[in-house]
Amino acid sequence: MKGKTFLILLAATGLLVSLWFFRFADDKQTGAVKMGGKLFDDLPVNAVASVTISDSENSVTLVKGDKVWQVEARSGYPANFDELRELVIKLSRLKIGRSFAGSTESLARLSLMPPSAPDSSTRGKQITLKDPSGKILADVIVGQSRKTESGESGGQYLKKADSDTVFLVDDNFRFLKTAPAQWLKKEILNIKAEDVASVACYSGGQPAPVYTLSRPEKGEAARMAPVPPGRTADSAKIDQVLDALAPLTLDDVQPGDGKPPTEESEQPRLVYHLYDGRQISIFPDAGIKDSTTLRVTVADSKAETPSPDAPAPQPVDGKTPAGEKTPPASKTARQLNEELSPWVFSVKKWQFDSFITQPESLLEEVKKQAGSSS
């Protein structure tokens with residue numbers, strides 16, 4: 001073999017080795033992922049003990065408590081488990097449409113920089129999953145959604161926090177929430193009006209109610225007492241009070257300062273007597289201007305059967321372990337009181353205004369006689 005030919009073959013061999021090396025290095029950098037493969041091969045969803053979601057303005061951490069998942073920044077108030085489960089399952093099932101090595105320019109353009117990046121227009125949202133020991137199970141930065149020609153979502157750009165490889169995945173996180181209040185379990189109570197036998201409103205610490213709304217028989221319309229002579233109760237206002245718990249939802253929550261109000265309190269309260277024997281007391285905070293906060297206590301007029309201990313937090317995959325029974329749908333008065341009485345709830349104004357404490361507000365307006373001066 002001539003020396004020139006040998007050199008040409010040697011150079012060609014070197015080129016092939018170099019191409020193989022760079023191809024292998026690129027595969028190693030991107031995790032050797034294949035189109036259609038999962039972003040996480042085997043994410044142990046039931047080992048997740050905390051989830052932190054952050055953007056440039058907010059951060060929320062959801063932790064697995066002894067009984068339920070909790071919002072850490074709201075003193076452990078229960079989190080919205082359904083949305084949490086949906087998020088973790090979505091991460092575990094993400095499939096890759098394509099991947100490429102991200103440059104500083106492309107990461108900024110796709111909003112894949114960390115939430116702490118100097119330029120706010122380049123920041124993404126970060127999702128971190130940890131196990132009970134604090135070990136990171138998944139840590140991703142979510143960037144912009146890919147738009148199709150029709151304007152619909154064509155996937156989501158994201159990257160793992162410890163790599164600059166960009167992935168286009170088959171799902172999106174457009175409505176990912178990062179504020180603690182957004183992750184609270186919204187429903188406080190859900191009591192249908194037809195299940196309310198009567199409502200008694202108390203004020204000023206007096207033992208007698210300022211008004212009552214009661215049904216003569218179950219299924220009949222509630223009647224107000226007392227009604228001043230010559231006046232008529234407003235049926236729409238009565239329905240508004242009866243419907244106020246169906247459902248009662250929160251905007252935000254904070255721990256109560258001390259014990260909840262009692263019957264001796266001068267604070268106004270509405271006591272809902274249910275046909276099943278439970279009594280739900282609502283204490284609207286009427287002493288502060290523009291306040292829409294209230295407290296809730298629950299008692300039982302019947303001898304209550306001791307309730308079982310609360311179940312352990314539901315696994316993130318939503319499956320009930322074999323041999324375990326599904327918790328009862330209706331909670332006892334004691335269970336509800338333990339869950340609700342320690343808290344001060346902020347609710348929407350229209351819900352707050354449904355807890356009418358002034359008897360006059362339940363009466364129809366007095367019609368002016370014809371010819372009277374205006």
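Since we're looking at a predicted model, the values are computed, not measured.
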Under 3.5 Å, is there a donor-acceptor pair between the side chain of [X] and the main chain of [Y]?
X	Y	result
Asp131	Ala47	no
Glu220	Arg215	no
Ser265	Gln267	yes

More than 12 heavy atoms from other groups under 6.0 Å of [atom1] on [X]:
X	atom1	answer
Glu338	CD	yes
Lys192	NZ	no
Glu187	CD	yes

I need the [X] [atom1] to [Y] [atom2] distance, nearest 0.5 Å.
X	Y	atom1	atom2	result
Leu137	Leu91	CG	CG	11.0 Å
Ser50	Leu129	OG	CG	7.5 Å
Met224	Thr232	CE	OG1	11.0 Å
Leu213	Asp239	CG	CG	9.5 Å
Tyr272	Gln279	OH	CD	14.0 Å
Leu184	Asp252	CG	CG	6.0 Å

[X] and [Y]: which non-hydrogen atoms are nearest, and at how many Å?
X	Y	value
Val60	Ala179	CB-C, 4.2 Å
Thr297	Pro261	CG2-O, 4.2 Å
Arg74	Pro180	NH1-CB, 3.8 Å
Lys177	Trp183	O-NE1, 2.9 Å
Lys159	Asp164	NZ-OD1, 3.8 Å
Thr52	Ser59	CG2-OG, 3.9 Å

Could you see if [X] belongs to whatever hydrophobic cluster contains [Y]? Use Ile, Leu, Val, Met, Phe, Trp, Tyr and a side-chain cutoff under 4.5 Å.
X	Y	value
Phe283	Val199	no
Val271	Val210	no
Val344	Leu248	no
Ile141	Ile136	no
Val253	Val63	no

Please examine the side chains of [Y] and [X], heavy atoms only from C-beta on, and report whether any two atoms are closer than 4.5 Å.
X	Y	value
Glu86	Asp82	no
Ser203	Pro268	yes
Pro247	Ile188	no
Tyr211	Glu360	no
Val347	Leu294	yes
Leu189	Ile280	yes
Pro255	Tyr77	no
Ile191	Leu274	yes

Intermediate values then yes/no, side-chain hydrogen bond (donor to acceptor under 3.5 Å, both in side chains), Thr165 and Ser163
CA-CA 6 Å; Thr165 301; Ser163 170; 3.3 Å; yes
Does this structure show an ion pair linking [X] with [Y], if we count only N-O contacts that are shorter than 4.0 Å?
X	Y	answer
Asp251	Lys186	no
Glu365	Arg231	no
Asp276	Arg278	yes
Lys237	Glu364	no

I'd like to know whether Val88 forms a side-chain contact (heavy atoms from CB on, under 4.5 Å) with Val45, so could you lay out the CA-CA distance, the side-chain angles of the two residues, the decisive distance to 0.1 Å, and finally the verdict.
CA-CA 7 Å; Val88 176; Val45 293; 3.7 Å; yes
Pair Thr293, Ser346: side-chain N/O donor-acceptor within cut-off below 3.5 Å
no
Does either side chain, that of Asp55 or that of Thr178, offer a donor lying less than 3.5 Å from an acceptor on the other one?
yes
Report the C-alpha distance between Ile282 and Val296 in whole Å, list the side-chain angles of each, state the deciding distance to 0.1 Å, and finish with yes or no for side-chain contact (heavy atoms from CB on, under 4.5 Å).
CA-CA 5 Å; Ile282 306 294; Val296 181; 3.8 Å; yes
Qualifying side chain to side chain donor-acceptor pair (under 3.5 Å) pairs, either residue in residues 111-128, two or more places apart
Ser111-Gln144, Asp119-Ser121, Gln126-Asp139, Thr128-Asp139
Atom pairs and distances, donor-acceptor, side-chain atoms in residues 100-109, under 3.5 Å, two or more places apart:
unit_1: Ser103; atom_1: OG; unit_2: Ser106; atom_2: N; d: 3.1
unit_1: Ser103; atom_1: OG; unit_2: Ser106; atom_2: OG; d: 3.2
unit_1: Ser106; atom_1: OG; unit_2: Ser103; atom_2: N; d: 2.7
unit_1: Ser106; atom_1: OG; unit_2: Ser103; atom_2: O; d: 3.1

Could you go through Leu94 and Phe173, starting from their C-alpha distance and side-chain angles, then the distance that decides it, and tell me whether this counts as side-chain contact (heavy atoms from CB on, under 4.5 Å)?
CA-CA 11 Å; Leu94 289 176; Phe173 298 85; 4.0 Å; yes
Taking the six-membered ring of Tyr202, is NZ or CZ of Arg269 closer than 6.0 Å to its centre and within 45° of its axis?
yes
Would Lys218 pass as a cation-pi partner of Tyr275, given that its NZ or CZ must be under 6.0 Å from the six-membered ring centre and within 45 degrees of the axis?
yes
From CA spacing to verdict: side-chain contact (heavy atoms from CB on, under 4.5 Å), Gln156, Asp171:
CA-CA 6 Å; Gln156 181 88 49; Asp171 214 327; over 6 Å; no
Check against side-chain hydrogen bond (donor to acceptor under 3.5 Å, both in side chains), Gln351 and Thr249:
CA-CA 8 Å; Gln351 286 193 306; Thr249 58; 3.3 Å; yes
